[in-house]
Amino acid sequence: MSKKKSVVLLVIYTLLIAALCFICTVSFSYGTDNLYTFSSVMRMMEKDADLGIAYGANADAGTYLGGGYSAVYYPEGVISAKEFDDNTDGMSEDEAAQYAADYVRYPDENGSVYLEKGVACDDNGAVLDSFRTAFDAALATVTARYAGLRADGARVESVGDYAIGVFLPAMMDGEYTAISVFAYTGELSIRAGSDEASATDVFTIRPGQTIRDYVKKITSRSAGDTAYVEFTFTDAGREALKTATAGAADTAVTLFFNVGETNVIQLSVSEVYDQNTLYISGSYTAETANTVAVLFSTALDGTAEDLTLTPADAYFHSALYGSNTLVMLYIAFGVFFVAMMAFFFARYRRLGFVHLYTYLLFLFAMILCGWSIPFLYLSVETFLAFLLTSVLLCFSNAVSFESARKEYALGKTMTSSVKTGYKKCFWKLFDLHIVVAVIGFLVYAIALTGLQTAGFVLGLGAAFSGIATLLVNRFGWAVMMGTSKKPGKFCNFKREEVEDE
């Protein structure tokens, strides 16, 4: 391969590695006030409950067993089976029967929720279309709110079809705040007055108008240690707010920021407010300010017909391996990576770059599969399986390098040494990878759920390792070696010296 061609291929190869590195590992916020987030593939990958995220290779319901806080929101007309039993406990037989007559257990006698007749279902137990539509809207709103937190591992799911289960990882600071306020439903309103009972709406919303004609957007921002909820008003909203606070210099006016009928913020104003932007501070952290901003932002599209949600008690689930397990796994991988590269560069000099590029392609392929294959997730077991296949790749590359080294020491050219070296070790490495892959996929096929994903990762990693060491590695070697005038020095290979007799 000519040097010019090698340089062009090396540049393309390097750009491919850089692009994959960016897509797989880099996350950042962008846009005005960092409102949007680019999430890397690694960040979006599902993680096990033992690490604080989702548990179960085939957890269709998205079950969570550890590492965070979970709660269930019950819409009006729906109660849990436990609440039904608690309510009927202590009632007389006639009272219990009369109470039970108003509810239907859904979807059957073993269901986890009860639907109230006339509210969520008809007298025959069939779910009302109006309720189904309202529930779907509520689920979409709650999902948008939790997504707006941009918290790794946050999840929303339907429970028993007509309740909403939520989960937040323990790595957050304001889980309880989010779980509590995200249950508020209804439309955003801002009222002004001396007290909440007598307060009147700041905005006079006419037919054909919505709150968005007065409130442009709601975000959060931080300055130093202070966090704010930021309201941006339209010109009409600014004028309405100015009118509502016109007498504040004489008599203090309180602004009540409500979602539905629930007051979220009370702000005392002592002078007329005539600006398009209103900053509300308090005891907020950057996280809780974002939570409240997300709540208000989604409430801009709320209506008076929104389902009322009642949150059950939030439960904390401890991560099996501790709260810092995910960080420790990343550290363990970092130690392995540094040790791996130290060995290859010390032993093979610039040939270590061939292994580095090969390993990075293997790594990014595994990350992309972990993100795109639905039942794959990051756990201690899958990490160990991945690490085992990483060691397999390192071993295989070292074997191929050593095989070529021996041929070069006998006096052959570098091209002949590489070709002969690969030929001598090809089938041994091929058989090794086939055996490991078969073992991994057999474990996936017959093992219990806890080992299925790890077995699949082992099989998948072995397959990728075989492709990487037998094909990609050789290609990278040919490309990079073509840029050097002294192949032996490039690979740190030396010929045996034979003394004359």
Side-chain angles (χ1 to χ4, degrees), residues 32-35 141 145 148 173-174 176-178 180-306 308:
T32 305
D33 300 324
N34 292 326
L35 184 61
T141 298
R145 288 173 177 176
D173 296 324
Y176 281 121
T177 299
S180 298
V181 303
F182 281 174
Y184 302 158
T185 57
E187 56 190 341
L188 169 68
S189 63
I190 303 177
R191 301 173 184 176
S194 57
D195 57 73
E196 188 175 0
S198 62
T200 57
D201 287 331
V202 170
F203 310 125
T204 304
I205 301 178
R206 298 178 176 83
Q209 288 186 331
T210 67
I211 187 69
R212 288 188 177 276
D213 289 295
Y214 298 89
V215 181
K216 184 180 297 184
K217 65 177 181 178
I218 305 160
T219 56
S220 65
R221 68 165 61 230
S222 299
D225 295 329
T226 305
Y228 304 88
V229 177
E230 178 183 358
F231 279 76
T232 303
F233 299 99
T234 64
D235 290 338
R238 173 181 178 175
E239 191 63 31
L241 190 62
K242 176 182 177 181
T243 301
T245 59
D250 300 323
T251 304
V253 174
T254 302
L255 297 177
F256 300 90
F257 297 79
N258 293 357
V259 174
E261 295 301 319
T262 305
N263 178 242
V264 181
I265 295 177
Q266 294 185 21
L267 178 65
S268 181
V269 180
S270 57
E271 59 183 16
V272 62
Y273 200 88
D274 187 16
Q275 297 183 41
N276 284 96
T277 304
L278 174 63
Y279 299 98
I280 304 175
S281 62
S283 57
Y284 295 122
T285 63
E287 194 172 85
T288 55
N290 179 57
T291 298
V292 174
V294 168
L295 170 68
F296 284 138
S297 185
T298 55
L300 286 173
D301 298 315
T303 68
E305 289 73 35
D306 287 348
T308 301

For Glu271, look at atom CD and say whether over 12 heavy atoms of other residues, nucleotides or ligands are found less than 6.0 Å away.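 Counting neighbours around CD of Glu271, 12 or fewer heavy atoms of other residues, nucleotides or ligands fall under 6.0 Å, so no.
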Inspect the surroundings of CG in Asp195 and state if more than 12 heavy atoms from other residues, nucleotides or ligands are less than 6.0 Å away.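 Yes, because the 6.0 Å sphere around CG of Asp195 holds more than 12 heavy atoms from other groups.
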Within the distance-only criterion (no hydrogens, no angle test), does the side chain of [X] pair as donor or acceptor with the backbone N or O of [Y] below 3.5 angstrom?
{"X": "Ser281", "Y": "Tyr228", "answer": "no"}
{"X": "Ser297", "Y": "Ala293", "answer": "no"}
{"X": "Gln209", "Y": "Arg206", "answer": "yes"}
{"X": "Asn290", "Y": "Glu287", "answer": "no"}

Over all atoms of both residues, closest heavy-atom pair of [X] and [Y]:
{"X": "Glu187", "Y": "Gly302", "answer": "CB-O, 3.3 Å"}
{"X": "Ala246", "Y": "Val272", "answer": "CA-CG2, 4.1 Å"}
{"X": "Gly260", "Y": "Ser189", "answer": "O-OG, 4.3 Å"}
{"X": "Ser222", "Y": "Ala227", "answer": "OG-CB, 3.9 Å"}

Do [X] and [Y] come close enough that some side-chain heavy atom pair is under 4.5 Å?
{"X": "Ile265", "Y": "Phe256", "answer": "no"}
{"X": "Glu196", "Y": "Asn263", "answer": "yes"}
{"X": "Leu255", "Y": "Leu241", "answer": "yes"}
{"X": "Asp235", "Y": "Asn276", "answer": "yes"}
{"X": "Ile205", "Y": "Tyr214", "answer": "yes"}
{"X": "Gln275", "Y": "Thr277", "answer": "no"}
{"X": "Lys216", "Y": "Phe231", "answer": "no"}
{"X": "Phe257", "Y": "Leu278", "answer": "yes"}

Applying side-chain contact (heavy atoms from CB on, under 4.5 Å) to Val264 and Val292, what does each step give before you reach the verdict? CA-CA 8 Å; Val264 181; Val292 174; 4.3 Å; yes
Pair Thr232, Lys217 - check side-chain contact (heavy atoms from CB on, under 4.5 Å), show working. CA-CA 5 Å; Thr232 303; Lys217 65 177 181 178; 3.8 Å; yes
Side-chain donor-acceptor contact under 3.5 Å, Asn258 with Glu261: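 The criterion, which ignores hydrogens and geometry beyond distance, is not satisfied for Glu261 and Asn258.
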Can Thr288 and Thr285 be counted as having a side-chain donor-acceptor contact under 3.5 angstrom?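 Their side chains do contain a donor-acceptor pair, which is all the 3.5 Å distance test asks for.
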Mind checking the [atom1]-[atom2] spacing from [X] to [Y]? Nearest 0.5 Å is all I need.
{"X": "Ile218", "Y": "Leu188", "atom1": "CD1", "atom2": "CG", "result": "5.0 Å"}
{"X": "Leu295", "Y": "Arg145", "atom1": "CG", "atom2": "CZ", "result": "5.0 Å"}
{"X": "Ser270", "Y": "Asp250", "atom1": "OG", "atom2": "CG", "result": "11.5 Å"}
{"X": "Ile280", "Y": "Gln266", "atom1": "CD1", "atom2": "CD", "result": "11.5 Å"}
{"X": "Lys242", "Y": "Asp274", "atom1": "NZ", "atom2": "CG", "result": "4.5 Å"}
{"X": "Phe233", "Y": "Arg238", "atom1": "CZ", "atom2": "CZ", "result": "11.5 Å"}

Given the rule in the side-chain contact (heavy atoms from CB on, under 4.5 Å) test, do Phe182 and Val294 qualify, once you have shown the distances and angles that lead to the verdict? CA-CA 9 Å; Phe182 281 174; Val294 168; 4.0 Å; yes
Salt bridge present between Asp301 and Arg212 (N-O < 4.0 angstrom):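 Yes, this pair counts.
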Kindly determine whether Asp201 and Ile190 satisfy side-chain contact (heavy atoms from CB on, under 4.5 Å), including the steps that lead there. CA-CA 6 Å; Asp201 287 331; Ile190 303 177; over 6 Å; no
